[in-house]
Undergrad: 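The structure follows.
For reference, positions follow the sequence shown, starting with 1.
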Amino acid sequence: MNEGRAVLAVVAATGEVLARPELHEGLLAPWERRRLDRVRVPARRDDVLAARLLVRLCAARFTGLSPGASGPEQYCAACDRTGHGRPHLGGRPDLGVSLSHADGLVAAAVGPGPVGVDVEPATRRPGPPSVLRRLLPEADLREAAARPDPGPELLRLWVRGEALFKAGGGTGLRLLERTDRRRGAVAAVATGTPVTAFSSLEEILRPEGAGSPGATVTVSGDHGVPQAPRPPAAVTRTGP
């Protein structure tokens with residue numbers, strides 16, 4: 001159990017998660033399986049399944065419950081319906097939970113207070129500028145555009161902005177970034193508590209362990225995020 005940790009965040013390949021026999025579709029709630037059955041593209045279905053299994057594993061490691069008892073719930077206040085909206089852990093309003101998936105990569109995070117996580121392939125180049133401006137500060141976009149190759153910096157800004165957005169925006173949020181060269185992933189997690197390190201799938205499957213080799217990690221200070229509309233799904237994939 002890791003209740004004393006500020007946040008538990010993990011990036012993994014979809015195949016890594018689905019290769020674990022203890023992580024399987026039977027852990028999902030009936031409403032999750034119904035949503036999963038509506039995903040017709042096999043690779044995307046695998047991503048969605050892996051992200052939901054990974055967030056269960058993170059929640060189980062954080063709280064000490066079993067993965068089967070650690071599934072996130074979702075509720076949309078705008079339409080007063082369950083099954084979509086920002087995920088949360090039932091009976092644990094003190095904890096935030098977030099998940100993300102994109103083209104063979106998944107990420108999940110659990111921690112006290114608001115939490116948001118995002119992962120993207122390192123080769124992805126977000127755009128067009130009109131969409132980027134809906135999420136990212138204009139000054140940051142101008143600085144990135146001035147670089148000889150703005151693509152990597154724009155991607156970093158994108159995952160940071162997505163993580164902040166999913167954590168609810170506002171001031172006082174802290175960011176942790178990870179460039180995972182082995183998996184070809186760029187990820188960020190935003191929380192309202194101090195951020196320490198990303199963990200690997202292998203580490204959270206062990207009884208204890210923190211930190212992850214082979215990754216470049218950057219901790220950023222407080223950030224505010226403008227209340228902007230969410231970018232179209234064609235530009236980013238953060239999972240249902």
Undergrad: Any Lys/Arg nitrogen of Arg133 or Glu138 sitting under 4.0 Å from an Asp/Glu carboxylate oxygen of the other?
TA: yes
Undergrad: Between CG of Leu155 and OG1 of Thr123, what distance do you get to the nearest 0.5 Å?
TA: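 It comes to 8.5 Å.
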Undergrad: Find the distance between CG (Asp140) and CH2 (Trp158) and round it off to the nearest 0.5 Å.
TA: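 The distance works out to 14.0 Å.
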Undergrad: CZ of Arg44 to OG1 of Thr14: how many Å apart, nearest 0.5 Å?
TA: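 So the CZ of Arg44 and the OG1 of Thr14 are separated by 11.0 Å.
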Undergrad: If only atom types and distance count, is the side chain of Arg124 paired as donor or acceptor with the main-chain N or O of Val186 below 3.5 Å?
TA: no
Undergrad: May I ask you to decide if Ile204's main-chain N or O and Ser199's side chain share a donor-acceptor pair within less than 3.5 Å?
TA: no
Undergrad: With a 4.0 Å cut-off, would you call Arg182 and Asp180 a salt bridge?
TA: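 No salt bridge links Arg182 with Asp180.
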Undergrad: Asp37: which residues meet the side-chain hydrogen bond (donor to acceptor under 3.5 Å, both in side chains) condition with it, sequence neighbours left out?
TA: Arg45
Undergrad: So how far is it from Leu136 CG to Leu141 CG, rounded to the nearest 0.5 Å?
TA: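 CG of Leu141 is found 5.0 Å from CG of Leu136.
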Undergrad: Could you give the distance from CG (Leu54) to CG (Asp47), rounded to the nearest 0.5 Å?
TA: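 Nearest 0.5 Å value for the CG-CG distance: 12.0 Å.
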Undergrad: The criterion is side-chain hydrogen bond (donor to acceptor under 3.5 Å, both in side chains); which residues satisfy it with Glu143, sequence neighbours excluded?
TA: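 Glu143: no side-chain hydrogen bond (donor to acceptor under 3.5 Å, both in side chains) contacts found.
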Undergrad: Is there a donor-acceptor pair under 3.5 Å between the side chain of Lys166 and the backbone N or O of Ala190?
TA: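 It does not hold such a pair.
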Undergrad: Under the rule for salt bridge (Lys or Arg N to Asp or Glu O under 4.0 Å), what residues qualify as partners of Arg147, not counting sequence neighbours?
TA: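 If we apply the salt bridge (Lys or Arg N to Asp or Glu O under 4.0 Å) test to Arg147, skipping adjacent residues, the hits are Glu153.
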Undergrad: Could you state the interatomic distance from CD (Glu162) to CG (Leu164), rounded to the nearest 0.5 Å?
TA: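 So the gap between those two atoms works out to 10.0 Å.
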Undergrad: Could you walk me through whether Arg20 and Leu57 pass the side-chain contact (heavy atoms from CB on, under 4.5 Å) check?
TA: CA-CA 11 Å; Arg20 304 296 307 193; Leu57 184 61; over 6 Å; no
